[in-house]
Amino acid sequence: MKKNKLLKKGEHIVRILAEEGTGVLYIPCYGMKGTMPRWCEASEFEDYVSSTEAELLELHGMEIVPEEELEPGERNDARKRYTIIAPVLGCLEDEKIRAQMIERTAKEHGITKQTVRNYLKMYLAYNSISALVRKHRITKEKPMTEDEKNIRYAVNKYVYSRKKHSLNTAYKLMLKEKYTDSNGVLAEGYPSFNQFRYWYAKNKKYMSYYISREGKTGFMRNHRVLIGDNVQAFAAAPGVGMADSTIVDLYIVSDDRTKVVGRPVLAALLDGYSYLCLGYSLGWEGGEYSLQSLMVNVVTNKKEHCHKFGIEITEEEWPCGLPGCIVTDRGSDYAGNTYGQIAELGVKIINLEAYRADAKGVVEKFFDVIQNFFKPYLKGAGVVAEEYLERGSYFGNYKEKSCLTLKEFETILLRCIIHYNSKHIIRNFPFTEEMLGLEIKPYSNSIWKYGMEHLRGCNVLQDVTKEQIILTLLPRTDGSFSRFGLKVNGLRYFCEGFFERCLGGGKVTAAYDRTDVSCVWLFEEGKYTRFDLVEARYQNKDLEAVLAMKKKQNEIIEKEQQQSIQSEINLVSHIQTIKQNAMTGADPDVKNIRGTREEERKRRHINHVKEAGLQDD
């Protein structure tokens, strides 16, 4: 089942929100009692058929107004209500955490929990921010003429198309398809080009035009309306982090400089108020590993971190601390449940809509600024630039000119970040009269320090340790207790003091490390308890290697299955033959069995010492 898919049975319509194993998370949309999202087995929807957004709206007799067409006041209300439920969306799949987040959000905004639930159900049911404001009743329009239907057909097929036909071309294609006979002769009474152009201009929808011709990505990047001061709306004081990742415009070589490895992934977390870089990660892996590395770096003492690279700084040059609120887009690194688990540390999570780079422009700009620091000075050392791709360019073979190892580049990157935080001038920062009076320097670390001392906002969580971050961001799965221990991912684990739990059984939640299955952590009531691996043959192996071993074992067993069954059939035949021969004429005496047994023992006794020639006869 696909996410956000609508399913229908009779007049009942549900929307699928997520799936895990054989379970699905759904919310009723029509014909059922309105409840919060809940889990059930996917088999319950086997007799449901696919439905559409249009069918849902038709059953309600409603029309959802696109966000871009809302009145300014309504649009602001919709965005405000979406901001309220955004933290809940980040932990939708876990009912317990979701309930806690709803209660926290309600207290924060001074509304009831039921209001938060109503906003959440409305947004999930219609899958639209506009549903948080109003829905319009569908009104009947004046019937279209045949010519208007033909013009609409041609506009939708040829103008609103990735082929990007001109109006003139679309008009001629319409005439050929709708107003010619079988011999290709143009019929009388066809609409003029002026009529075609008038109808198109009258009914043109700019969103439809741009999305159909350039795709949603092109529309959101190049044509979407940008209004308001999005960054300041999210970050009026220090403590609102904005995270993102990018591919560095530089090719890196292996440590022995014999091979080109590729372009590394750079992730960063910036304070939205002061533009301060709170942490970064650089490497070859994305996803949950990149996220974990980033968060660990955020809470790491930067003075000690830089010392490992031979760089000496003061703590004021690069302060650190985990923000109380983190804003991200719906990128792959932040789309899973693992990222949402950071809310357990008291961090508020805001997930922006797709392609809303302007709402976290601080981190987007950071990537440009940082790369512009080093790119001009690394020309001919693997830097990627558009002009290098031109024919005849001196740097056309920039991959072959790569020479920096990852550690060397990270040293350069660190110096760039230090300069960015402590000496790069923030020219467009909105300085207040108080800041001007205090002569606050236009550097990120100076603005951060001022904000921490004078402004009240989301508090930085100073007491979060590296171990807490790592354990919190580990992936989780279901485990079960049995007399064989705690079973997680098909492997058995044990911890002293859990004998009773093992005998009692039951399902639990466990955190695990994909790169080493040597241990897992039982997660209960916000606490982590380590369990060690029982099966020594899997010690220090990653999960993929373990699964590969089990798969190989199953393949070997499956390969020998037929021969084993055949051998067992032959064994049965031999046993039955011997039995039948033994039963023929058998009528043994059952008296004095003990004496008979002693005689038979003496008769069948073999002196193995004599038989081996170790003793004289």
Side-chain angles (χ1 to χ4, degrees), residues 21-22 41 43 477-522 524 529-617:
T22 60
E41 290 295 319
S43 58
T477 188
D478 290 334
S480 59
F481 278 113
S482 70
R483 59 189 295 241
F484 300 103
L486 173 62
K487 191 171 185 180
V488 179
N489 291 327
L491 301 175
R492 296 187 297 118
Y493 298 85
F494 185 71
C495 176
E496 292 292 338
F498 280 81
F499 291 98
E500 289 294 328
R501 292 290 298 276
C502 290
L503 295 175
K507 291 186 177 181
V508 293
T509 299
Y512 64 96
D513 181 7
R514 299 182 193 275
T515 61
D516 190 348
V517 299
S518 300
C519 63
V520 295
W521 291 265
L522 175 66
E524 286 184 325
T529 305
R530 173 171 170 157
F531 279 65
D532 293 316
L533 185 66
V534 174
E535 301 157 288
R537 64 184 182 278
Y538 299 129
Q539 195 74 26
N540 300 324
K541 296 185 181 298
D542 61 53
L543 184 58
E544 289 186 3
V546 171
L547 295 178
M549 289 176 63
K550 290 193 171 189
K551 182 180 179 181
K552 183 65 176 179
Q553 181 176 342
N554 290 334
E555 289 175 352
I556 294 174
I557 293 173
E558 187 66 26
K559 184 178 180 180
E560 300 299 323
Q561 185 74 20
Q562 183 176 351
Q563 294 187 29
S564 177
I565 294 175
Q566 182 63 56
S567 177
E568 191 170 347
I569 292 173
N570 295 338
L571 175 63
V572 171
S573 298
H574 291 310
I575 293 173
Q576 289 179 338
T577 300
I578 295 172
K579 172 188 171 184
Q580 290 173 358
N581 294 335
M583 291 181 66
T584 303
D587 189 15
D589 186 2
V590 297
K591 296 180 180 179
N592 194 20
I593 293 178
R594 181 175 297 178
T596 303
R597 176 187 177 89
E598 182 62 22
E599 292 176 2
E600 189 66 17
R601 183 189 68 78
K602 292 178 179 179
R603 187 179 70 83
R604 296 184 63 84
H605 180 76
I606 298 174
N607 190 327
H608 294 288
V609 175
K610 287 184 177 182
E611 190 176 75
L614 301 176
Q615 192 179 77
D616 295 335
D617 292 336

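Counting begins at 1 with the first residue of the sequence.
With sequence neighbours left out, Arg530 forms a side-chain hydrogen bond (donor to acceptor under 3.5 Å, both in side chains) with Asp532.
Under 4.0 Å is where a charged nitrogen must lie from a carboxylate oxygen, and between Glu600 and Arg603 at least one such pair does. Remark: Glu599 does not engage Lys602 in a salt bridge, criterion side-chain N to carboxylate O under 4.0 Å.
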Using a 3.5 Å cut-off and no angle test, enumerate the donor-acceptor pairs between side-chain atoms of residues 487-500 and protein atoms at least two apart in sequence or in another chain.
from	atom 1	to	atom 2	distance (Å)
Arg492	NH1	Phe484	O	3.2
Tyr493	OH	Val517	O	2.7

In a table with atom names and distances, give each donor-acceptor pair under 3.5 Å that connects a side chain of residues 552-570 to protein atoms at least two apart or in another chain.
from	atom 1	to	atom 2	distance (Å)
Asn554	ND2	Lys550	O	3.2
Gln566	NE2	Asn570	OD1	3.2
Asn570	ND2	Gln566	O	3.4

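In this structure, Glu524 and Val508 have side chains that are in contact, with non-hydrogen atoms separated by less than 4.5 Å. With contacts defined as side-chain heavy-atom distances shorter than 4.5 Å, the pair Lys541/Val546 qualifies.
Lys579 NZ to Thr577 OG1: the interatomic distance, rounded to the nearest 0.5 Å, is 11.5 Å. Here the OG1-OH distance, from Thr477 to Tyr512, works out to 5.5 Å after rounding to the nearest 0.5 Å. Rounding to the nearest 0.5 Å places CG of Leu547 at 9.5 Å from OH of Tyr538. Rounding to the nearest 0.5 Å gives a distance of 9.0 Å between SG of Cys519 and CG of Leu533.
Scanning both residues, Thr22 and Glu41, for their nearest heavy atoms gives OG1-OE1, 2.9 Å. The shortest non-hydrogen separation linking Cys502 to Gly485 is SG-CA, 3.8 Å. Nearest approach of Glu611 to Ile606, heavy atoms of both residues: OE2-CG2, 3.8 Å.
Between the side chains of Thr515 and Asp542, not a single donor N or O lies within less than 3.5 Å of an accepting N or O.
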